[in-house]
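To start, the structure itself, in structure tokens.
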Protein chains: 2
Amino acid sequence: MDAIQRSNVFSLQAFRSACSECTVRELCLPVGLKSTEIKELDRLIDTRHPISKGTTLYRSGDRFRALYAVRTGFFKTCLLHEDGREQVTGFQMMGELLGMDAISTDSHACDAVALEDSEVCEIPFEALEQVSSKIPTLQHHFHRMLSREIVRDQSLLMLLGSMRAEERLAAFLLNLSKRFVERGFAKDEFILRMTREDIGSYLGMKLETVSRTFSRFNAEGIISVHGKAIHIQQPDALNDLTSRHS
Amino acid sequence: MDAIQRSNVFSLQAFRSACSECTVRELCLPVGLKSTEIKELDRLIDTRHPISKGTTLYRSGDRFRALYAVRTGFFKTCLLHEDGREQVTGFQMMGELLGMDAISTDSHACDAVALEDSEVCEIPFEALEQVSSKIPTLQHHFHRMLSREIVRDQSLLMLLGSMRAEERLAAFLLNLSKRFVERGFAKDEFILRMTREDIGSYLGMKLETVSRTFSRFNAEGIISVHGKAIHIQQPDALNDLTSRHS
DNA sequence: CGGGGACTTGATACTGTTCAATTTCCGTGG
DNA sequence: CCACGGAAATTGAACAGTATCAAGTCCCCG
């Protein structure tokens with residue numbers, strides 16, 4: 001387990017996006033900005049905030065002031081239904097943005113909980129709007145970030161609406177794998193930061209079903225599971241599951 | 001049925017948002033704009049486009065050029081999985097915006113299909129970004145629109161992830177009712193523009209289950225159903241369904 | 001008026017849930 | 001460092017909710 005964690009070596013890209021300025025600069029990745037513009041951006045970032053495991057970054061109903069870029073660590077966002085049911089709406093890792101749902105009502109629509117000790121950069125939203133209206137490429141990229149969140153949610157809708165338990169879990173693992181790779185970690189070995197219950201809530205199934213499905217994949221040699229440590233043995237098999245007929 | 005349709009009388013508000021300029025002005029609803037700014041906005045709107053029933057406004061993969069505001073009519077958006085499965089991701093009616101998911105990749109991520117003869121206003125996106133960077137209140141409101149779409153998708157996630165068939169359909173009917181009211185139509189009588197299959201896809205269930213659940217609600221006197229004509233008899237009963245324990 | 005898609009309804013099969021009993025893991029304090 | 005205790009995970013068996021398959025009806029459009 002410790003061995004697996006060590007195998008998640010940083011790549012240069014991952015290292016870059018881990019430094020404070022660059023987490024925000026991720027907002028303007030697709031284009032080269034002038035150095036004066038970059039300075040303006042960096043001025044916008046508040047100090048880094050440590051968030052320890054299990055604590056919330058914000059809660060549903062909190063007044064919206066800033067977006068947060070995950071610098072290190074791992075978060076989940078979840079809605080709380082009045083009758084107590086919880087729905088996990090997403091998991092956020094290094095370089096991803098939190099809080100975009102709050103813009104619409106000026107108050108947060110969900111809770112954001114750190115699943116391990118983490119650090120975030122605070123991006124005061126008013127300032128971001130001001131700066132971005134002066135830098136068209138930044139504005140455009142920010143719109144892309146918002147839009148990407150919409151697309152992400154919609155592919156999750158597809159998953160919840162038309163896939164079976166096996167397919168959902170396969171898609172989930174492949175998605176995690178892809179995101180780890182983008183950050184320079186190993187594509188086939190990682191540690192889950194969330195519980196089976198979190199996964200189940202996210203994927204619309206019960207924790208027992210998650211556990212059973214993991215066990216089945218394990219028995220079939222598609223992955224090996226040891227608690228939260230996952231090793232993907234046959235990525236193609238997972239791929240087949242997500243796109244197989246009926 | 002014709003009678004029900006007639007009972008959906010326009011209110012002043014609905015009438016306003018149906019006129020071309022105002023559909024776009026909906027973008028800047030929360031604040032008063034100067035008349036010069038309103039002129040600038042109105043110049044931005046392309047001509048209105050009629051979209052006849054069954055045709056697509058855009059398809060997945062189409063190059064992204066503009067957002068569309070629904071002026072009259074009714075649309076669905078749907079993702080197509082490679083194996084043929086279709087997932088309806090939303091239904092859009094008068095005054096709602098289409099195409100926000102396309103910003104992220106510059107190409108549309110889903111199909112938009114007119115469910116009845118409709119009209120849309122085209123809002124060229126580049127122009128919108130330019131204008132909105134000059135008018136802070138417009139920029140902010142546009143961000144709210146994007147964010148609202150995220151929130152909308154996330155409450156649908158909750159629905160798909162943690163509700164049973166009955167609860168889903170109840171939530172769906174209440175949501176439609178709410179949106180009709182906002183547009184000045186009757187809150188308890190309306191015509192569904194989509195098929196049972198569309199509803200099922202949207203709510204993550206099979207068309208037979210949709211039909212059966214409608215029949216059960218009908219038998220219990222909660223609603224009356226005649227094909228696509230719905231009359232909500234006991235809104236409270238629907239409310240109880242959506243928020244009842246386990 | 002005819003044809004075909006949309007809808008309803010029934011019988012059956014199956015996936016995933018629920019309830020319950022263990023086992024494993026991991027943080028905590030002795 | 002080890003032992004303890006509680007949370008997390010695994011596994012089984014019975015059950016519930018939906019899906020599937022199939023037959024028949026309705027209704028809308030041409």
Side-chain angles (χ1 to χ4, degrees), chain A residues 1-2 4-5 52-54 76 85-86 88 113 115-117 159-170 172 191-219 223-230 241 244-246, chain B residues 1-2 4-5 52-55 76 85-88 113 115-117 159-170 191-220 223-230 241 244-246:
Chain A
M1 192 168 56
D2 214 324
I4 289 177
Q5 208 153 14
S52 57
K53 180 173 175 175
K76 71 171 176 183
R85 278 179 288 190
E86 174 184 287
V88 173
V113 181
L115 296 178
E116 59 180 338
D117 291 345
L159 186 145
L160 289 174
S162 66
M163 289 184 168
R164 298 195 338 230
E166 271 191 348
E167 308 175 279
R168 294 180 195 191
L169 203 59
F172 173 70
I191 307 287
L192 299 173
R193 301 303 174 177
M194 69 295 282
T195 66
R196 302 288 191 261
E197 188 166 13
D198 288 333
I199 298 173
S201 171
Y202 182 63
L203 299 178
M205 51 210 245
K206 294 287 140 176
L207 69 93
E208 293 94 330
T209 308
V210 174
S211 181
R212 273 184 244 278
T213 310
F214 270 141
S215 298
R216 187 148 13 101
F217 285 173
N218 188 63
I223 63 176
S224 65
V225 191
H226 296 99
K228 306 211 172 193
I230 302 288
L241 274 174
R244 90 137 191 286
H245 269 279
S246 173
Chain B
M1 193 169 53
D2 214 324
I4 289 176
Q5 208 151 14
S52 56
K53 180 173 176 173
T55 61
K76 71 171 175 183
R85 276 179 288 190
E86 174 185 285
Q87 174 70 35
V88 174
V113 182
L115 295 178
E116 59 180 338
D117 292 344
L159 185 146
L160 289 174
S162 67
M163 291 186 167
R164 298 189 341 219
E166 269 191 348
E167 306 175 279
R168 295 180 195 191
L169 202 59
I191 307 287
L192 299 173
R193 301 301 175 180
M194 69 294 280
T195 66
R196 300 288 191 261
E197 188 167 13
D198 287 334
I199 298 172
S201 171
Y202 182 63
L203 299 178
M205 51 211 247
K206 294 288 140 172
L207 69 94
E208 294 94 329
T209 307
V210 175
S211 181
R212 272 185 244 278
T213 309
F214 270 141
S215 297
R216 185 150 12 102
F217 285 173
N218 188 64
E220 289 166 357
I223 63 175
S224 64
V225 191
H226 296 99
K228 306 211 170 191
I230 302 287
L241 275 174
R244 90 135 190 287
H245 269 277
S246 182

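Predicted model only: the values in this text are computed from it and were never measured.
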Over how many whole Å does the gap from [X] atom [atom1] to [N] atom [atom2] extend?
X	N	atom1	atom2	result
B:Leu160	D:dG17	CG	P	19 Å
A:Ile199	D:dA9	CD1	P	8 Å
B:Leu203	D:dG17	CG	C1'	16 Å
A:Arg216	D:dA9	CZ	P	18 Å
B:Leu207	D:dA19	CG	C1'	11 Å
B:Asp198	C:dC7	CG	P	9 Å
A:Arg85	C:dT17	CZ	P	13 Å
A:Lys206	D:dA16	NZ	P	16 Å

Q. Would you find a donor on one side and an acceptor on the other, under 3.5 Å apart, between the side chain of A:Ser162 and the backbone of B:Gln87?
A. no
- Task: Check whether any side-chain N or O of B:Arg168 sits under 3.5 Å from a backbone N or O of B:Gly204 as a donor-acceptor pair, and report yes or no.
- Result: yes
Contact check, residues 208-215 of chain A vs DNA chain C, heavy-atom distance under 4.0 Å, returns A:Glu208, A:Thr209, A:Arg212
To the nearest 0.5 angstrom, please state how far the [atom1] atom of [X] sits from the [atom2] atom of [Y].
X	Y	atom1	atom2	answer
B:Ile223	B:Asn218	CD1	CG	6.5 Å
B:Leu169	B:Tyr202	CG	OH	12.0 Å
B:Leu203	A:Leu160	CG	CG	12.5 Å
A:Leu192	A:Ile230	CG	CD1	4.5 Å
B:Ser201	B:Arg85	OG	CZ	11.0 Å

| said: Check the phosphate of C:dA6 against B:Lys228, side-chain N and O only, distance under 4.0 Å to OP1 or OP2. Yes or no? | reply: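 Answer no for this pair, as no side-chain N or O of B:Lys228 is under 4.0 Å from OP1 or OP2.
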Return all side-chain donor-acceptor pairs below 3.5 angstrom for residues 205-213 of chain B, not counting sequence neighbours, or 'none' if the list is empty.
residue: B:Thr213; atom: OG1; partner: B:Thr209; partner atom: O; Å: 2.6

Between B:Lys53 and B:Glu166, whichever has its closest DNA chain D nucleotide further toward 5' is B:Glu166
Strictly under 3.5 Å: I want the nitrogen or oxygen pairs between protein and nucleotides 3-7 of chain D, one per line.
none

For the helix from C:dC1-D:dG30 to C:dG30-D:dC1, figure out the bend between the end axes, five pairs an end, and round to 10 degrees.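 Here the helix ends are tilted 60° relative to one another.
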| Who are the side-chain contact (heavy atoms from CB on, under 4.5 Å) partners of A:Lys53, not counting sequence neighbours? |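 For A:Lys53, the residues satisfying side-chain contact (heavy atoms from CB on, under 4.5 Å) (neighbours in sequence not counted) are A:Asp117.
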| query | How would you list, by chain and number, every residue that makes a salt bridge (Lys or Arg N to Asp or Glu O under 4.0 Å) with A:Glu86, sequence neighbours excluded? | reply |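 By the salt bridge (Lys or Arg N to Asp or Glu O under 4.0 Å) rule, A:Glu86 matches A:Lys76.
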Got more than 12 heavy atoms from elsewhere within 6.0 Å of CD, B:Glu166?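 Enclosed: over 12 neighbouring heavy atoms sit under 6.0 Å from CD of B:Glu166.
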